[in-house]
There are 2 protein chains.
Amino acid sequence: MADTARHPEPRYGNRPTMKDVAARAGVGLKTVSRVVNAEPGVTPDTERRVQEAIDALGFRRNDSARVLRKGRTASIGLVLEDLADPFYGPLNRAIEEVARAHGALLINGSSAEDPDREQELVLALCARRVDGLIIIPAGHDHRYLEPEIKAGVATVFVDRPAGRIEADAVLSDSFGGARSGTAHLVAHGHRRIGFIGDQPRIHTAVERLGGYRAAMAEAGLPVEDSWVSLGTTVPERVHEAVVSMLKAPEPVTAILTGNNRVTVTVVRALAAHERPVALVGFDDIELADLLNPGVTVIAQDAATLGRTAAERLFRRLDGAPEAPGQVVVPTRLIARGSGELPPPADR
Amino acid sequence: MADTARHPEPRYGNRPTMKDVAARAGVGLKTVSRVVNAEPGVTPDTERRVQEAIDALGFRRNDSARVLRKGRTASIGLVLEDLADPFYGPLNRAIEEVARAHGALLINGSSAEDPDREQELVLALCARRVDGLIIIPAGHDHRYLEPEIKAGVATVFVDRPAGRIEADAVLSDSFGGARSGTAHLVAHGHRRIGFIGDQPRIHTAVERLGGYRAAMAEAGLPVEDSWVSLGTTVPERVHEAVVSMLKAPEPVTAILTGNNRVTVTVVRALAAHERPVALVGFDDIELADLLNPGVTVIAQDAATLGRTAAERLFRRLDGAPEAPGQVVVPTRLIARGSGELPPPADR
DNA sequence: CTGAAAGCGCTAACAG
DNA sequence: CTGTTAGCGCTTTCAG
């Protein structure tokens, strides 16, 4: 007690250090280090004595010190939009599994779709000297990352590309998915199709809108302004968008939704509507198959997205010198009924 | 370059240190430290010079060194069962928000319901010297944590209590919830009610079974062995359990499910069944209100669970000396139709 | 096979 | 207001 009195708050609650273990075992500090790290060159007998001291003292190596010395933290950072969004669960988990296989821990946080918060989080992770970073970006200008990347922080963007810097990205085929979803509705006879998506500052929202427009154009169909609604995914706004599309003089007969949050709200809104309206949703949602009709979706493979990104990250950490590039993960249309509803016969 | 040639692999990609910044700004090391940490006692002019050097060099404080010196990491660890499970999303997010409010980062990992993996993760987090730990335990013996807790790692268990040690726990009222859900079914005329839950080594599974049994006993109803099925939540097993309960000579007319995974599978199984069977599910699930009938559930408040646990953790970190205790968060029965179905009239 | 010494980058304590 | 010194607990280096 006396010799630690210099510290007003006992450090780490006064945990034993390798020095303490060495003293107790009657060996040198480095020998303890060797035992702890299972390095060769220690007599079985010495090892046993050291191990006993470790157990007796409840010693646990302080990785902070180790990190300082070694320069690698064996941890990666993940910044996503919202940990509570079911879309990110499987993505998060897939990344975790890859990290685990590489002996790394995962530090993660939500940007809440706020670019400042994204940057704050990313830089905090850099200060912790994470070995690598997986980012689902909220902002569009990632030049703040340049010094970090130059300093050796491997970085992979997921779901949306980086802005104003060259960086790896693993993306879903948003454009293609939205296009095929729209084409699917056209194939089932629809000519007036609405699109309700996320805020236009979000890359995927714009891509999906683009896919929708492309499919409409390819079918020779016009797109009225009132058929397109981009904005936040709060239920109130989305609900309003549905209502206004349906009560127009020339109401839409089908809707394509831009993500899982929107789809859920639209399903609710349509359930309250008298006439059946066709629906194709971007992102699969749980129980979609059990609704009546089942919800036809363009499913993204979140787990593949995460796994691919993490594997790329660790390949870079292992020194792969490839140029930064994009990987596009295909989407899959799953027909369950709502997307196959015909337009009303009366018009 | 020459003076760093000693390092075979450039540390942190050769990032500048405070020393480098000090040299460039022509000030002492400690002055840089003052500026970086916004400590008082630096002339505006000096501060400007230092700041310029920081920007020019792309300096970012190395928190590993800081942590080593200060003894606190400003990070907490969260070990849960599966990051991909929608139940843990809001919990995770709520914990993150509290951590953020306290300036701490969140390191998390999945135990995959494996006690060994839980322990491995927890100890890795302890080696990183996280300030605190929030654990959704997979195992039942947490004595391995004793040295850590003694050494000052604040620990709070969530969703399930710790085993064989005294520790804080924040739990849902599993017993009470299951009991009221069962009573609800009884009140709607059911006398043969089945229970399908998770593996009996999981605390909440046992509690919920207990609540079910208690309600049955209180109603003076017997519980046949064939009405109770505990085991893994893989769809195959759960499906089989449903089928066997329904094809028995005295089939159940209602089912209580033990968690969200089970509920989803049971809903699917019942959808394929000819006769309507009443259902009350533990845990709310998305879109439960839109199914036909809507799924009556006993909803847990995952966000409150997480927030409460995190707040308790930080209170401890701030030195609150309360004895370890349990907080129970109430559940709420949400009637949506499936739990109000009457038993078939013919028997 | 083992250990002593140096130092990772930072902050605490104390001197100017 | 500013700088110097020591040292956090570990790994690296090199000498026994």
Side-chain angles (χ1 to χ4, degrees), chain A residues 3-23 25-50 54 57 59-74 126-129 151, chain B residues 3-23 25-50 54 57 59-74 126-129 151:
Chain A
D3 65 318
T4 59
R6 292 203 316 283
H7 300 298
E9 296 176 35
R11 319 175 57 70
Y12 307 120
N14 269 334
R15 303 197 68 138
T17 70
M18 282 193 181
K19 202 172 142 192
D20 301 326
V21 174
V27 300
L29 178 57
K30 178 63 202 180
T31 300
V32 177
S33 173
R34 287 202 178 90
V35 172
V36 169
N37 298 301
E39 284 169 25
V42 182
T43 342
D45 182 57
T46 313
E47 175 167 356
R48 191 186 43 69
R49 286 213 328 281
V50 171
I54 288 175
L57 261 32
F59 168 81
R60 187 100 45 210
R61 181 180 66 197
N62 184 335
D63 277 348
S64 295
R66 171 171 230 250
V67 156
L68 179 59
R69 196 61 243 245
K70 299 201 70 134
R72 280 219 169 178
T73 54
C126 288
R128 300 284 168 117
R129 297 294 187 271
Chain B
D3 65 315
T4 59
R6 293 201 317 281
H7 300 299
E9 295 177 36
R11 317 174 59 70
Y12 306 120
N14 269 334
R15 301 198 69 138
T17 70
M18 283 193 180
K19 202 172 143 193
D20 301 325
V21 174
V27 300
L29 179 58
K30 179 64 201 182
T31 301
V32 177
S33 173
R34 288 203 178 88
V35 172
V36 169
N37 296 302
E39 284 169 26
V42 182
T43 340
D45 182 57
T46 312
E47 175 167 355
R48 191 186 41 70
R49 287 209 333 278
V50 171
I54 288 175
L57 261 31
F59 168 81
R60 187 99 45 210
R61 181 181 66 197
N62 184 334
D63 277 349
S64 295
R66 171 171 230 250
V67 156
L68 179 58
R69 195 59 242 245
K70 300 201 68 136
R72 280 217 169 181
T73 54
C126 289
R128 300 282 169 120
R129 296 297 188 268

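Chain naming here is simple, since letters A, B, ... match the order of the sequence lines and numbering starts at 1 in each. Every value quoted in this text rests on a predicted model; they were computed, and no experiment measured them. Keep in mind that the numbers below use all heavy atoms, side chains included, and drop hydrogens, waters and symmetry copies.
- A donor-acceptor pair under 3.5 Å links the side-chain atoms of B:R49 to the main chain of B:A25, judged by distance alone.
- Whole-Å rounding puts the A:K19 NZ to D:dG7 P distance at 9 Å.
- Rounded to an integer number of Å, the gap from A:M18 CE to C:dA5 C1' is 17 Å.
- For A:K70, counting side-chain heavy atoms from C-beta on, the closest listed nucleotide (D:dT11, D:dG9, C:dA13) is D:dT11.
- For the pair B:R128 and B:T73, the tightest heavy-atom approach, listed with the atom from each and the gap, is O-CG2, 3.5 Å.
- Taking every side-chain heavy atom of A:R66 into account, D:dC10 is the closest of D:dC10, D:dG3, C:dC10.
- The side chain of A:R69 approaches D:dT11 more closely than any other nucleotide in the set D:dT11, C:dC10, D:dT2.
- To the nearest angstrom, P of D:dC14 lies 18 Å from CG of A:L29.
- Non-hydrogen atoms lying under 4.0 Å from DNA chain C are contributed by nothing in residues 41-48 of chain B.
- Distance A:E39 CD to C:dT2 C1': 12 Å, rounded to the nearest Å.
- Between atom CZ of residue A:R15 and atom CG of residue A:D20 there is a gap of 11.5 Å, rounded to the nearest 0.5 Å.
- Between B:L68 and A:A65, the closest heavy-atom pair is CD1-CB, 3.6 Å.
- Backbone-only contact: B:N37 has heavy atoms under 4.0 Å from sugar-phosphate atoms and none from a base.
- Considering only side-chain atoms of A:L68, the nucleotide from C:dA13, C:dC10, C:dG9 that sits closest is C:dG9.
- When base pairs are accepted only as Watson-Crick or G-U wobble with both N-N or N-O distances under 3.5 Å, DNA chain D takes part in stems of 3 or more pairs at C:1-16 with D:1-16.
- Distances were taken from every side-chain heavy atom of B:K30 (C-beta onward) to each of C:dG3, D:dC10, C:dA12; the shortest belongs to C:dA12.
- Nearest to the side chain of B:R34, among C:dT11, C:dG9, D:dT2, sits D:dT2.
- Computed from coordinates, the A:D63 CG to D:dC10 P distance equals 9 Å when rounded to whole Å.
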Please set out all donor-acceptor pairs under 3.5 angstrom arising from side-chain atoms of residues 32-44 of chain B, sequence neighbours excluded.
residue, atom, partner, partner atom, Å
B:S33, OG, B:N37, ND2, 3.4
B:N37, OD1, B:R61, NH1, 2.4
B:N37, OD1, B:R66, NH2, 3.4
B:N37, ND2, B:S33, O, 2.9
B:T43, OG1, B:T46, OG1, 3.2

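- The side chain of A:T17 sits closest to D:dG9 out of C:dG3, D:dG9, C:dT11.
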